[in-house]
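Notes follow once the structure below has been shown.
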Amino acid sequence: MLVGPSGAGKSTWAAAHFRAAEVVSSDALRAVVGSGEHDLDASGDAFSLLDQVVAARLGRRLTVVVDTLGLDHARRADYLERGRSNGMPCVAVLFETPGAVCRERNSGRDRPVPSRVLGQQLAAMDSARSALASEGWDEVVTVTVEDQERDRAGAGTRVEPARRSRADGAGPEVVLQVSRFPWGQDPAGWLRSVALAAVEAGFGGIALMDHLIQIPQVDRAWEPIPEPWVTLGMLAGLGTELRLGTLVSPVTFRPAGVTAKAVATLDVLCGGRAFVGLGAGWWEREHLAFGVPFPPASRRLDLLEQSIETMRALWATGTKAYTGERVSLPETTAYPRPLGRPQVVVGGSGEVRTLRIAARQGDACNLPSDLDTVRHKAAVLAGHCEAAGRDPAEVAVTVLDVPVLGRDRDDTCRRVERLRGRTDAATYARRHHAGEAHQHARRYRELADHGVSTVFLALPDLEGPDDLERAAALLREL
Ligand code: GDP
Ligand code: MG
């Protein structure tokens, strides 16, 4: 809700900060239903249209910037109430443009507001200013003439990111998760170019999704989804310093020892930078289609425990027999040994079993990326660690983030519109944290402040290496 007299700079500010479709202006609507912006006889019709637009956008929880004088308390209260009832944050933007400046700008216009009217508006500003504080806005933002001049200078569309509070100054490690492979006629060339662009952008690694059929959350079932260990082997051949692994491999797909072999092989091929994400698996269809057994959940979680234990036994030095809590092996002859100590990232956030498995056996636990979930699940994880007598600091918290990452506000909205499918735009945007690089960077720093060491970033609209330029902008802000 903009609040300020004529000439205060409201419309100019709105255009500098919001998309045209997000701004609804009584002047512009006067021109739609009347003879022009200043056709005061058309005000009634213009405002009833304006009310409709505001109601419709708020009903869909879409941003709407009300560009009217905003000096009328009853009108403000009405819009505020409407925003509230739709669960939208409501912000008043107060234009503290000095009267003399408004008068000067006004007199320079084609159709100036009569001086007496402007005088009344300026007087109304004083009461609006004091009323706003008690009307119940989530926030009252003040725009000064200096702010407006800064917008003019071109720095205006960008809100300065809040400076990080962490002392060490380091953001989280960011690993590119590749979940779709629109590689056209040149799979190897596509993979190479994406990996090299990831290096260029500053990613710490690449994680590949491990599925037998492309999952509906990402793309259509007939889109390619390559076998990850073969693909990671190819990426290892590029000789980059990227960490390489899966996020995550269902333990149902391969006997644990065979996965241990794949990880160890990858590790020696990529200079000790291999990791493996492990989960219980969830998608029955791909198991049935490939003739892979899909036991009930409790059995799959047992398998997860056994798998981690088996893999660690086979990666250990020596060839001796292994007898553990859940697994016994007559020998552990497994060469090559991994160069390093491959990180085991447990995926899934079931609080009773999965997080407990991560606490007892994992090097890391991968969670969804919204902050409330991270806070809650990390606390549960820490509880399981303590119960198991393990220092919670030994189990890293990682997240999978699937952001809509736009170059600017317009680009972000276009991407949401293209990606949302049948989900409404506001819900999709919220779920995928739709925003620009600096907004995601701020979110990542906040995640890091809550103990997240690695963000696995998957672009839902990754087409090729050029898309990583957007990610590079994000990483530069960390
Ligand atoms: P509104 O009546 O509050 O919507 O104000 P406008 O945004 O239409 O601005 C009024 C006039 O002031 C227009 O002619 C703008 O071009 C001009 N204006 C807006 N912002 C600035 C500014 O930062 N500096 C200067 N010099 N003029 C401005
Ligand atoms: Mg205006």
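Scope of the values below: all heavy atoms of this structure, side chains included, with no hydrogens, waters or symmetry mates. Just so you know, ligand 1 is whichever comes first in the structure, and atom 1 is the first atom listed for that ligand.
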Any side-chain donor near an acceptor of the partner, Gln439 and His433, under 3.5 Å | no

So, Thr427 and Arg61: side-chain donor and acceptor under 3.5 Å apart, yes or no?
-> yes

Do Arg470 and Asp411 sit within salt-bridge range, that is, some charged N less than 4.0 Å from a carboxylate O?
-> no

NZ/NE/NH1/NH2 to OD/OE distance under 4.0 Å, Lys377 and Glu351 = yes

Residue contacts for ligand 1, heavy atom to ligand atom, distance under 4.0 Å | Pro5, Ser6, Gly7, Ala8, Gly9, Lys10, Ser11, Thr12, Arg105, Arg109, Gln148, Glu149, Arg152

Any luck finding a side-chain donor-acceptor pair between Thr12 and Gln148 under 3.5 Å?
-> no

Does the side chain of Ser43 pick up a donor-acceptor pair with the side chain of Arg30 at under 3.5 Å?
-> yes

Test: Arg82 and Asp51 ion pair at under 4.0 Å | no

Do the rings of Phe18 and Trp13 sit parallel, tilted or perpendicular, given the 30° and 60° boundaries?
-> tilted

Between Trp190 and Trp183, how do the two ring planes meet: parallel, tilted or perpendicular, split at 30° and 60°?
-> perpendicular

Residue and atom names of protein N/O/S atoms that fall under 2.8 Å from the Mg ion (ligand 2) | Ser11 OG

